[in-house]
Student: 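This is the structure, below, for whatever I ask next.
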Amino acid sequence: QGQLVESGGGLALPGGSLRLSCAASGASGVTFSRYNMGWFRQAPGKGREFVAAIRWTRDITNYGDSVQGRFTISRDNAKNTLYLQMANLKPEDTAVYYCAKDRYAYRSNLTPRIQEYDDWGQGTQVTVAS
């Protein structure tokens with residue numbers, strides 16, 4: 001286990017943008033480049049929802065239907081950091097956003113299944129309101 005720390009959340013206007021970061025340290029930092037990484041979110045009173053994932057090779061990404069075309073996931077393996085660029089934000093994007101590490105190193109496929117991620121950050125709040 002290591003440490004994942006999200007940052008960049010806050011208040012945004014509808015139609016606005018935010019960029020989230022997730023810094024990996026400790027054991028997660030040492031092995032960051034070996035694992036697929038994902039972003040999930042949880043709105044009040046709702047279950048945790050898959051947002052996006054990126055392969056450890058950085059060349060393959062996958063998105064949830066609700067954010068496709070508006071959000072972009074990326075990573076910098078040299079900096080042990082995961083990003084989520086969010087554009088054209090909507091009030092329904094309001095949630096706590098979590099980054100997470102895949103359970104298995106070098107997995108070839110991306111998965112949206114929560115149980116396939118075994119290391120989670122503490123979350124960062126994103127609120128979209130006018």
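What's counted below: heavy atoms across the whole structure, side chains too, no hydrogens, waters or symmetry copies. Position 1 is the first residue of the sequence, and the numbers go up from there.
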Student: Evaluate the side-chain proximity of Tyr98 to Glu6: yes if any heavy-atom separation is below 4.5 Å, no if none is.
Tutor: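 Side-chain contact under 4.5 Å: yes.
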
Student: Using distance alone, with no hydrogens and no angle criterion, decide if Ser66 and Glu49 have a side-chain donor and acceptor under 3.5 Å apart.
Tutor: yes

Student: Would you kindly check if the NZ (Lys) or CZ (Arg) of Arg55 is within the cone defined by 45 degrees around the ring axis of Tyr106 and under 6.0 Å from the six-membered ring centre?
Tutor: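 Checked: cation-pi criterion not met.
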
Student: Examine Trp56 and Ile54 and state if one hydrophobic cluster contains both, with Ile, Leu, Val, Met, Phe, Trp and Tyr joined whenever side-chain heavy atoms are less than 4.5 Å apart.
Tutor: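 Cluster IDs for Trp56 and Ile54 differ.
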
Student: Applying ring-ring contact (aromatic ring centres under 6.0 Å, His included), name anything that partners Phe40, two or more places apart in sequence or on another chain.
Tutor: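 Here the qualifying residues are Phe50, Tyr117, Trp120.
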
Student: State yes or no: do Tyr35 and Leu4 share one hydrophobic cluster built from I, L, V, M, F, W and Y residues joined by side-chain heavy-atom distances below 4.5 Å, directly or via other members?
Tutor: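 No, because Tyr35 and Leu4 fall into different hydrophobic clusters, even though each may have its own neighbours under 4.5 Å.
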
Student: Taking a hydrophobic cluster as the set of Ile, Leu, Val, Met, Phe, Trp and Tyr residues connected by side-chain heavy atoms closer than 4.5 Å, whether directly or through intermediates, do Tyr83 and Leu20 fall within one such cluster?
Tutor: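 Hydrophobic grouping puts Tyr83 apart from Leu20.
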
Student: What is the minimum heavy-atom distance between Thr81 and Ser21, and which atoms define it?
Tutor: CG2-CB, 4.3 Å

Student: Please report the shortest heavy-atom distance between Ser130 and Pro14, naming the atom on each side.
Tutor: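 For Ser130 and Pro14, the tightest heavy-atom pair comes out as N-CD, 3.8 Å.
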
Student: Under 3.5 Å, side chain of Thr94 to main-chain N/O of Val128, donor-acceptor pair present?
Tutor: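 A pair under 3.5 Å: yes.
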
Student: For the residue pair Arg75 / Asn77, report whether a side-chain donor-acceptor contact shorter than 3.5 Å exists.
Tutor: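 Yes, Arg75 and Asn77 have a side-chain donor paired with an acceptor closer than 3.5 Å.
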
Student: Please report the shortest heavy-atom distance between Ala24 and Phe32, naming the atom on each side.
Tutor: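 In terms of heavy atoms, the two residues are closest at CB-CD1, 3.6 Å.
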
Student: Check for me, please, whether Leu89 and Val67 land in the same ILVMFWY cluster - side-chain distances under 4.5 Å, paths through other members count.
Tutor: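 Hydrophobic grouping puts Leu89 with Val67.
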
Student: Has the side chain of Asn36 got a donor or acceptor atom that lies under 3.5 Å from a matching backbone atom of Ala53?
Tutor: no

